[in-house]
Amino acid sequence: MPAKTFYIETFGCQMNAHDSEKVIGTLLAEGYQQVETPEAAHLVLYNTCSIRDKAEQKVFSRLQQFKRDAGKGKLFGVLGCVAQQEGEKIFDRAPHVSLVAGSASYTRLPELLVQLETGHRRVTGLSLDTDETFDTPFTRRDNPYRAYLTIIEGCDKSCAYCVVPFTRGPERSRTSESVMAEARRLADQGYTEIQLLGQNVNSYRDPSPAGWDFAALLGRIAEIPGLRRVRYTTSHPRDFVKAIVDAMDASPVLCDHVHLPVQSGSDRTLAAMDRLYTRAQYLERIEWLKNARRRYSITSDIIVGFPGETEDDFEQTLDLLDTVQYDSLFSFKYSPRPNTAALALPNRVTEDEQQRRLAILQEKQRAIQIRLNAAMVGNIEEVMVEGRNHATAQWIGRTSSNRTLNFSDPRTEGLNGQYVQVRVTRSGPNSLVGESVTVV
Ligand code: SAH
Ligand code: SF4
Ligand code: F3S
């Protein structure tokens with residue numbers, strides 16, 4: 001176990017995945033070497049998620065596995081949302097941990113690492129009082145074709161169920177100049193797809209005098225030579241303005257997909273969640289997308305069994321699914337989280353009832369996806385090739401609408417990162433199958 005080796009495991013959302021790429025880059029620049037197993041590492045890092053209780057438990061079960069390695073020259077660090085949420089309490093639950101740092105402190109990582117390596121037993125980075133974003137030239141990106149780019153950090157909303165404002169701190173946008181410079185650099189390096197990230201990516205507001213809003217930023221990024229696909233996630237419905245749809249209509253580089261989490265179809269539940277929009281306002285945004293110049297995939301997140309959710313509220317969510325016809329959906333049982341306002345709400349929904357509602361919702365959504373995907377059979381879709389499934393001898397591609405499209409092609413290598421035209425021949429609830437129609 002040579003000194004200055006590290007292992008990192010990442011949980012949670014794309015923001016966390018991208019933070020890990022930046023943390024890895026920072027560690028490499030500090031002279032560390034990345035290894036593939038925790039056993040081989042001197043420093044073991046977990047970049048954690050606490051969005052639901054199950055996610056939070058994962059890190060503690062990982063740490064438990066290595067309890068006996070404490071004091072044998074191995075160091076353990078907890079990063080990310082559980083670190084920010086639990087803070088120094090982590091040292092009580094897992095005494096062999098010596099580094100606890102939330103995402104707002106990663107710019108201090110080199111300094112924290114020096115403290116660790118010079119024998120400080122416990123090191124923390126937990127301040128949320130920052131207007132910093134973690135801009136680093138050292139990012140070690142995982143994928144050579146598709147790059148994440150964080151444009152806004154934190155969240156200023158206060159949805160009653162959600163830990164993110166506590167774990168990621170207040171909203172802060174990068175300047176348009178620094179975002180544009182990074183996007184141009186990525187294009188120069190050969191990336192053709194960029195995914196803009198933010199907890200509420202569309203709440204972006206350029207803090208520099210240029211003052212661009214999200215729609216303006218989208219339009220400008222789409223003009224960067226070399227970029228073929230620009231995606232963004234996650235959009236908050238309250239801040240999803242018509243100008244965003246207009247910007248997308250104006251440029252095919254902006255992908256045919258919007259993730260617009262609704263959480264519930266009931267106005268009563270939306271108000272209890274403090275989501276800041278009504279069902280009618282949400283549906284107005286959906287109308288903009290449905291009336292747009294091209295067909296956009298619309299996807300969403302839904303929470304079932306929020307405290308006080310009645311059968312009638314739930315049925316309104318089912319009804320919303322019928323109305324919107326989502327292309328794909330992430331659905332969750334409400335999970336009570338520390339610090340959040342919903343903890344104080346009466347009329348919790350039982351676990352069994354949550355499970356029942358989740359199953360009904362997922363069954364309905366499955367039927368919708370089977371139908372929508374079947375309607376694509378016969379279409380020719382452009383995919384970006386993401387890899388090869390050796391077992392099926394098919395290439396794995398992704399459409400602009402964010403569907404997985406597995407396809408056959410005479411070529412057995414060299415397609416990764418390429419754009420290929422594929423005729424859809426079969427469909428399932430979660431993916432499509434096809435064959436390439438061009439040989440480049
Ligand atoms: N900023 C995004 C959501 C980020 S969290 C937005 O506002 O839409 C990703 C998803 O996790 C949420 O959309 C929500 O559906 C789910 N989620 C968040 N907190 C949850 C909780 N306490 N229990 C269950 N699901 C939760
Ligand atoms: Fe959480 Fe709401 Fe902020 Fe999304 S908008 S991160 S759900 S508090
Ligand atoms: Fe999880 Fe934090 Fe992302 S709680 S979902 S890793 S912002």
Side-chain angles (χ1 to χ4, degrees), residues 146 192-196 201-202 214-215 218-219 221-222 227-237 240-262 265 279-302 319-330 364-386 396-407 419-438:
R146 179 174 16 107
T192 58
E193 179 173 325
I194 288 190
Q195 183 158 4
L196 306 177
V201 73
N202 59 326
F214 181 62
L218 274 183
I221 292 183
L227 295 184
R228 290 184 66 161
R229 285 185 173 181
V230 175
R231 303 182 182 280
Y232 58 92
T233 200
T234 297
S235 296
H236 190 286
F240 195 81
V241 294
K242 176 75 166 44
I244 298 173
V245 183
D246 295 341
M248 292 173 72
D249 273 349
S251 172
V253 169
L254 300 171
C255 284
D256 306 345
H257 174 217
V258 178
H259 185 60
L260 202 60
V262 68
R279 175 188 172 109
Q281 286 167 332
Y282 181 85
L283 288 175
E284 185 188 10
R285 281 135 183 83
I286 298 296
E287 275 304 295
W288 295 339
L289 289 163
K290 300 245 176 194
N291 293 330
R293 286 211 203 124
R294 53 185 204 271
R295 186 190 182 287
Y296 295 108
S297 260
I298 307 172
T299 61
S300 197
D301 297 345
I302 281 179
D319 182 71
L320 185 92
L321 259 54
D322 282 329
T323 306
V324 177
Q325 300 280 307
Y326 289 114
D327 293 272
S328 168
L329 190 67
F330 297 98
K364 181 181 251 320
Q365 179 58 26
R366 191 180 145 84
I368 292 173
Q369 284 178 213
I370 288 175
R371 223 178 32 72
L372 291 178
N373 287 346
M376 295 184 70
V377 172
N379 287 5
I380 302 215
E381 297 277 330
E382 182 177 74
V383 299
M384 199 244 235
V385 183
E386 296 192 334
I396 305 163
R398 186 166 298 275
T399 66
S400 172
S401 68
N402 210 33
R403 284 180 171 80
T404 301
L405 171 45
N406 299 309
F407 66 99
Y419 291 79
V420 176
Q421 304 294 322
V422 179
R423 178 178 293 108
V424 181
T425 54
R426 279 189 291 135
S427 68
N430 296 311
S431 63
L432 305 168
V433 177
E435 51 202 29
S436 66
V437 293
T438 49

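Note that the structure is a prediction, hence the values are computed from the model and not measured.
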Asks: Please name the pair of heavy atoms, one in E382 and one in R229, separated by the smallest distance, quoted to 0.1 Å.
Replies: O-NH2, 2.9 Å
Asks: Nearest heavy-atom pair of I370 and P429: which atoms, and what distance?
Replies: CG1-CB, 3.8 Å
Asks: Look at the side chain of N406 and the backbone N and O of V433, then say whether any donor-acceptor pair between them is shorter than 3.5 Å.
Replies: no
Asks: Within the distance-only criterion (no hydrogens, no angle test), does the side chain of S427 pair as donor or acceptor with the backbone N or O of L432 below 3.5 angstrom?
Replies: no
Asks: Residues in ring pair (Phe, Tyr, Trp, His ring centres under 6.0 Å) with Y232, at least two apart?
Replies: F214
Asks: Indicate yes or no for a side-chain donor-acceptor contact from K364 to the backbone of D322 under 3.5 Å, with no hydrogens or angles considered.
Replies: no
Asks: Show the numbers, then the answer: is there a side-chain contact (heavy atoms from CB on, under 4.5 Å) between D319 and R279?
Replies: CA-CA 11 Å; D319 182 71; R279 175 188 172 109; 2.6 Å; yes
Asks: Does the side chain of T323 reach to within under 4.5 Å of the side chain of I286, using non-hydrogen atoms?
Replies: no
Asks: The criterion is ring pair (Phe, Tyr, Trp, His ring centres under 6.0 Å); which residues satisfy it with H236, sequence neighbours excluded?
Replies: Y277
Asks: I'd like to check F407 versus V437 (side-chain heavy atoms, cut-off strictly below 4.5 Å). Are they in contact?
Replies: no
Asks: Could you pull out the closest heavy-atom pair between P261 and S235, with the gap in Å?
Replies: CD-O, 3.2 Å
Asks: With distance as the sole criterion, is a donor-acceptor pair present between the side chains of H259 and T299 under 3.5 Å?
Replies: yes
Asks: Report yes if some heavy atom in the side chain of V258 is under 4.5 Å from a heavy atom in the side chain of M248; otherwise report no.
Replies: yes
